[in-house]
2 protein chains.
Amino acid sequence: MRKPRSQMIVETRTKLIAAARAAFGTVGYAQTSMDDLTASAGLTRGALYHHFGDKKGLLVAVITEIDAEMNAHMQAVSAKAGDPWTGFRDECTAYIELALDPEIQRIMLRDGPAVLGDPWDWPTLSECIRSMTESLTKLAETGVIAPIDPEAAARLIAGATQYAAQWIANAPEPEAISRKAIDAFNLMLDGLLARS
Amino acid sequence: MRKPRSQMIVETRTKLIAAARAAFGTVGYAQTSMDDLTASAGLTRGALYHHFGDKKGLLVAVITEIDAEMNAHMQAVSAKAGDPWTGFRDECTAYIELALDPEIQRIMLRDGPAVLGDPWDWPTLSECIRSMTESLTKLAETGVIAPIDPEAAARLIAGATQYAAQWIANAPEPEAISRKAIDAFNLMLDGLLARS
DNA sequence: AGTAATTACATACGCACCGTATGTCAATTC
DNA sequence: GAATTGACATACGGTGCGTATGTAATTACT
């Protein structure tokens, strides 16, 4: 039974990140014991601190993984649309739908910012938000929307979508609430369109 | 040196809340030691757990106090305006300006939600947000804005303003950023106005 | 191939911190 | 003025993080 070293490393990292993702996403970051977490992955805290430095390092790794998935999904959605404007709206809607996932809510929207600070300052993340900023930049250049600062718009939209998602996710009837939220959201988005 | 008991209680509660507000607002909730905090107020942890039950209880007390102040300020601002719509816009701007305070950012917008959950579910808070919902309800009834769900709009606006505030507060040149953010924000708000 | 150096983990330890249980002394109550 | 309530302080146990140290296996060197 000979295993190459590099493979072992990938396996342990994967196991730890998977366990952390499950734990952080359910009981939360602060309530997760590193002893229990590593034990559930069949390891000890030694492995953890060797690979990730500390508890925050593990959180960063988890966030990086989730963000990559979110970004890929949003890219795919916006690429599917006909024109840039609907592509952007679809992208925002996709973001809201992603944010309905309790795991994403807890890790990306609550514990993440609380532990690591403003997501816009994260070195890894903002991939999925940076893509929104790029879309807005192009929309402003081509005159589809009114000439405003793309980053400002992206920030406002990200904030609105996040709150909308949290609202929907915690609502007793997500379906009905979801429709209300998306209606209001589209109305606000239309405020950005260039006046004819 | 005779002091009535009720006065002692108020004094200690005030001292603890003030110390907590300073500590939570600077080093953060998780990084604040209850030993150090109570010591800085000239007390011990005994007083803390007697009055507030646990660490979270103290946070709730701090949040309640800050929220009352924010609410009072926003009410005053919106009452000063001429018509309801500008009153509402001023209210939103006031919220953004309040959110520039690092203490409010840290306690109300980051640590608070992380520890206590969605602010909309807080029994005490949402005073300042509930007031925004009321304003929107009236604006929708009088036909000033398009007929959308007031709570949905309030949520979206609250999210947008919060993100705008965090952006401004962390920016190297808050003045310039603030203008950009408020411009974009007003543009989005106008999207809610009834189309003529 | 055999030795040396790296490294991926486990084990052991100290320390800080939270919450509770218990004690004490002053202020009310009768 | 004796009894009781209650506002705090003190003492204790438990938990969890980070680090220092140990070990065994893989890689690198000659």
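Naming: A, B, ... by sequence-line order, numbering from 1 per chain.
- The separation between Ile9(B) atom CD1 and dA7(D) atom P is 4 Å, rounded to whole Å.
- For dA8(C), one of the phosphate oxygens OP1 or OP2 lies less than 4.0 angstrom from a side-chain nitrogen or oxygen of His50(A).
- Within the structure, every side-chain polar atom (N or O) of His51(A) is placed at least 4.0 Å from both OP1 and OP2 of dA8(C).
- More than 12 heavy atoms of other shown residues, nucleotides or ligands fall within 6.0 angstrom of atom NZ in Lys55(B).
- By the rule that hydrophobic residues join a cluster once side-chain heavy atoms approach within less than 4.5 Å of another member, Leu116(B) and Met108(B) end up as members of one cluster.
- Counting any heavy atom pair closer than 4.0 Å across all strands shown, Thr38(A) reaches no nucleic acid atom.
- Residue-level contact check: Thr44(B) touches the bases, meaning some heavy atom is under 4.0 Å from a base atom.
- One finds the CG atom of Leu48(A) at 4.5 Å from the CE atom of Met34(A) (value rounded to the nearest 0.5 Å).
- The CD-C1' distance, from Gln7(B) to dT28(C), rounds to 16 Å in whole Å.
- Going from atom CG of Asp67(A) over to atom CD1 of Ile107(A) covers 12.5 Å, rounded to the nearest 0.5 Å.
- Rounded to whole angstrom, the span from the CZ atom of Arg45(B) across to the C1' atom of dT20(C) amounts to 9 Å.
- Atom P of nucleotide dG18(D) and atom NZ of Lys55(A) are separated by 8 Å, given to the nearest angstrom.
- Applying the 4.0 Å criterion to OP1 and OP2 of dC9(C), one finds that Thr12(A) has a side-chain N or O inside that range.
- Atom CG of Leu43(B) is separated from atom P of dT24(C) by 20 Å (rounded to the nearest Å).
- Here dC17(D) presents its P atom at 14 Å from NZ of Lys56(A), a figure rounded to the nearest Å.
- Remark: P of dA7(D) and CZ of Phe52(B) are 12 Å apart, rounded to the nearest angstrom.
- Spacing between atom CD of Gln31(A) and atom C1' of dC18(C) amounts to 13 Å, rounded to whole angstrom units.
- Look at Arg155(B) and Glu151(B) and you find a salt bridge, because one of the NZ, NE, NH1 or NH2 atoms lies within 4.0 Å of a carboxylate O, short of that distance.
- For Met34(B), taking side-chain heavy atoms from C-beta onward, the closest of the listed nucleotides dC18(C), dC9(C), dA9(D) is dC18(C).
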